[in-house]
2 protein chains.
Amino acid sequence: MTEERTRAGTYPRYPLVENRTQARIMALVHAEARPSSRGQITEALDVSRSKVSGEVSRLMELGLLAEEGLAESDGGRRSTLLSIPRSAGLIAAIDLGATSIDVALTTLGGEIVARKGEPADIKDGPKPILRRVKEMLGELVEEQGTHPDEVLGIGVGVPGPVEQAAGVLRSPPIMPGWDRFPIRSAFAGEYAAPVFVDNDVNVMALGEHWGGVGRGVDNLLFIKVGTGIGGGIIADGRLYRGTQGCAGDIGHICVDPNGPVCTCGNLGCLEAMAGAPAIVLEAERRAREGRSPVLAEILEEKGELTAVDVGRAAGLGDYEALQVVRRSGRLIGQVLATLVSVLNPSLIVIGGGVSQIGHSFLAEIRSAVYRRSLPLATRNLPIVLSELENDAGIVGASVLAAEGVLTVPS
Amino acid sequence: MTEERTRAGTYPRYPLVENRTQARIMALVHAEARPSSRGQITEALDVSRSKVSGEVSRLMELGLLAEEGLAESDGGRRSTLLSIPRSAGLIAAIDLGATSIDVALTTLGGEIVARKGEPADIKDGPKPILRRVKEMLGELVEEQGTHPDEVLGIGVGVPGPVEQAAGVLRSPPIMPGWDRFPIRSAFAGEYAAPVFVDNDVNVMALGEHWGGVGRGVDNLLFIKVGTGIGGGIIADGRLYRGTQGCAGDIGHICVDPNGPVCTCGNLGCLEAMAGAPAIVLEAERRAREGRSPVLAEILEEKGELTAVDVGRAAGLGDYEALQVVRRSGRLIGQVLATLVSVLNPSLIVIGGGVSQIGHSFLAEIRSAVYRRSLPLATRNLPIVLSELENDAGIVGASVLAAEGVLTVPS
DNA sequence: AAAAATCTGTCAAAACTATTGACAAACTAT
DNA sequence: ATAGTTTGTCAATAGTTTTGACAGATTTTT
């Protein structure tokens, strides 16, 4: 009777669990991100030891859990540790950036098994981009010697607002052709696994909350600073998406009504004044005006500057480069000060390419936030760099999909 | 066996319900704010008809539900409607403003039974204020011919950030002496009911979400504009409080680094530039400068102006008054535009004394928001005035307490 | 080194919870 | 009137969870 619902090569089933208790157990083990004992689960879920034991046995039968060594003794018999084994299945984690594709295979437990990344222009439109994504995923699957059916869930982060119900982008500003494109069905032929789509910054926030500096932090704000600027909000432990899925979209907050034109068409958006292109533009201007020999030299050599170049120059002590970096940090900090008043988070995590530009960038953000926010809200408010760095998107996409397939619908 | 747990004069018990299903039924009936049938409950809760029937019988035994007439027929036997009767017990709803005390008795179902309000200065400190609150509550209880033990829960809204775990204020800017004052225990002698404390604006948001324009709206932003300016956030159907309980505290967002000094000590806070005192100050200045004969006349007569006076003058077509009103609306709208980008709500509700100042105030807020926010987020974003007006705080305090006593701890 | 205490994991019996299906009551529509 | 619906209840059945007992494993105490 139980036998006929055992795994036995019948990939994939969705949802993977059979009842709410199993879902809660899996969610807990997944959330822990390290082996847990039956005792820990019993305590956390507030059900009886025998109940946990029984459901754990069933989950082991299903292949979703495996015993893995013993814990240190706590004054009695040592407890056996449980974890989500590689053999439970894999998650395809896909991170689409404005200029890049990153694809990875991770275990259901969130461990990265293999990954591939390459530059790409999202503006090419959904069909060629998704074709390439599927190629890359196929290569990974092949290289790992697995079968597409072993992929239990697919998580996708995309650089635009996602309507959750349908899993489609809505009016993405930088992604012509993607509006309402049915991303989910793109995988339908080759993969039977369910597809979970969300905004890339939301996904990164999820990743950082699950396995980065934000582990266990109930109210956190993740800010991505790259070509674009965006935010992801974890409120009371859950990702908050907003009505149209564009909550946290802080890149187009107006910081200067007389500022430059933004890609969105408005004037003086944060993104247009503090994002990577703005940093480069401002640095190039100062280089051309002969104010910074260091920047001018790099510009001379390479023909163009990058945000990283500017950061490096600032790190070497170039005054003008430092000013450019600081200006970006200050503007972002000003907006963050407002967000702190509104959201009262207990942690702010800064990620994205520009976040690695140097210490003075973070320092300037911090000083702007602390200067302008209410003392109560900033009293214990760390503002730190992302721990996962380039993996945040991949890890988050994996978490998105894993949580999705491990949830019982009800 | 069941008998001994029946009501029978043993007020109060907390929690009022016996299990999760009962809690869910009561929460649903309470949330509906109008009589529901067993069939509706069955559908909404996804349990069997007989289960609902059984638990409803028990809840009627406990006195928490009562049959109340029949619904229209839906093509068959008419269903009997269930509601929370007055006899189930009462909730004490308390709304402490910066300059006022409002106390009410409501049914557990949220209907206002009786209320009292009077001016008071919160700065007098917790002891005299809470003494007066208890006197007023005692008068209401007496006038209604009830007994203090019939009060099942006490909900309190206070104008400062509230740490939920302890139910105490933390560093309230305008409430000297209230920091960490144990509000809950103030009621301990006379009332056995549990006390639920929260920020006044959060409480108003709760009220508007339960029984005002925000009914059924999952993501809403409630903005109170009075002496102070604050916001309450309903995210995914739940009140979001933030880490220290000061989420939504938008009054001290800096809108002009060169602006006037705020009560909080910083410069150019929204509150200091667009709140009632700012409106009055600006209007008086213009009156004194002789730019507005209308305002000057009122000022002459009464010796001072109020925000309502300014609104009335604006309504009569006085140009200067209108400019003052608009300036406040525009500044608030600018901040709201940011909040819209961050929270992507589906509704903004404006309440508080100043919200009644005239149509041009709301019009200016709307125009500022629509001008500055992303089109996607504002496409279907109504910005409306509070429906509950002066009752928002009372209703919200009742909802806070009712939801509290009807929740099963688990 | 033995005994006591403590923690872990499993099992069967008992307690509890929820659903099913039957039925009578109440209503609409033809 | 009669057929078709919906409602509310009941008893039987099915399912879920806890309880309490017990054996295994490990630390602490004597």
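Naming: A, B, ... by sequence-line order, numbering from 1 per chain. Please read all numbers here as calculations on a predicted model, not as lab measurements.
Of the side-chain N and O atoms in A/Arg38, none sit less than 4.0 angstrom from OP1 or OP2 of C/dT8. Put simply, B/Ser53 has a side-chain N or O that comes within less than 4.0 Å of OP1 or OP2 on D/dT9. Side-chain nitrogen and oxygen atoms of B/Thr80 include at least one within less than 4.0 Å of the OP1 or OP2 phosphate oxygen of D/dG8.
Rounded to a whole Å, the CG atom of B/Leu70 is 17 Å from the P atom of D/dT6. Note: CD (B/Glu67) to P (C/dA26) measures 13 Å, nearest angstrom. When the C1' atom of C/dA18 is taken as reference, atom CZ of B/Arg24 falls 12 Å away, rounded to whole Å. Regarding B/Leu65, its CG atom lies at a distance of 13 Å from the P atom of D/dG8, rounded to whole Å. Atom pair B/Ile25:CD1 and C/dA18:P shows a separation of 10 Å (rounding to whole Å applied). Between the P atom of C/dC16 and the CZ atom of B/Arg58 lies a distance of 14 Å, rounded to the nearest Å. D/dT6 atom C1' lies 16 Å from atom CD1 of B/Ile41, rounded to whole Å. Rounded to whole Å, atom P of C/dT19 lies 10 Å from atom CG of B/Leu45.
Within 4.0 Å of A/Ser79, counting heavy atoms only, lie sugar-phosphate atoms of the nucleic acid but no base atom. No contact: A/Ser57 has no heavy atom under 4.0 Å from any strand.
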What nitrogen or oxygen pairs link the protein and nucleotides 21-23 of chain D at under 3.5 Å?
none

Polar atom pairs (N or O), protein with nucleotides 27-30 of chain D, under 3.5 Å:
none

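Pairing for C/dT30 goes to D/dA1, judged as Watson-Crick or G-U wobble with the two contacts each under 3.5 Å.
For B/Glu55, the side-chain atoms get nearest to C/dA18 when compared with the rest of C/dA18, D/dG8, D/dT19. Closest to the side chain of B/Ser48, from the set C/dA12, D/dT17, C/dT19, is C/dT19.
Residues A/Glu208 and A/Ala392 share a closest heavy-atom pair of OE1-CB, 4.0 Å. Considering all non-hydrogen atoms of both residues, A/Leu16 and A/Leu64 come closest at O-CD1, 3.7 Å. Nearest heavy atom pair, residue B/His30 against residue B/Ala402, reads NE2-CB, 3.4 Å.
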Per-pair distances, 0.1 Å, donor-acceptor, side chain in residues 32-42 of chain A, under 3.5 Å, sequence neighbours excluded:
residue	atom	partner	partner atom	Å
A/Glu32	OE1	A/Arg34	NH1	3.4
A/Ser36	OG	A/Arg34	O	3.4
A/Ser37	OG	A/Gly39	N	3.3
A/Ser37	OG	A/Gln40	N	3.1
A/Arg38	NH1	A/Glu67	OE2	3.3
A/Arg38	NH1	A/Thr80	OG1	2.8
A/Arg38	NH2	A/Glu67	OE2	2.7
A/Thr42	OG1	A/Arg38	O	2.8

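Few gaps surround CD on A/Gln144; more than 12 heavy atoms of other groups in view lie less than 6.0 Å from it.
The salt bridge (Lys or Arg N to Asp or Glu O under 4.0 Å) search around B/Arg238 returns A/Asp236, not counting sequence neighbours. B/Asp74 pairs by the salt bridge (Lys or Arg N to Asp or Glu O under 4.0 Å) definition with nothing, not counting sequence neighbours. The salt bridge (Lys or Arg N to Asp or Glu O under 4.0 Å) test applied to B/Arg78 returns no partner, not counting sequence neighbours.
Under a 3.5 Å cut-off, the side chain of B/Asp391 and the backbone N or O of B/Ile394 do not form any donor-acceptor pair.
In summary, A/Arg58 and A/Glu55 do not engage in a salt bridge, as defined by a charged side-chain N under 4.0 Å from a carboxylate O.
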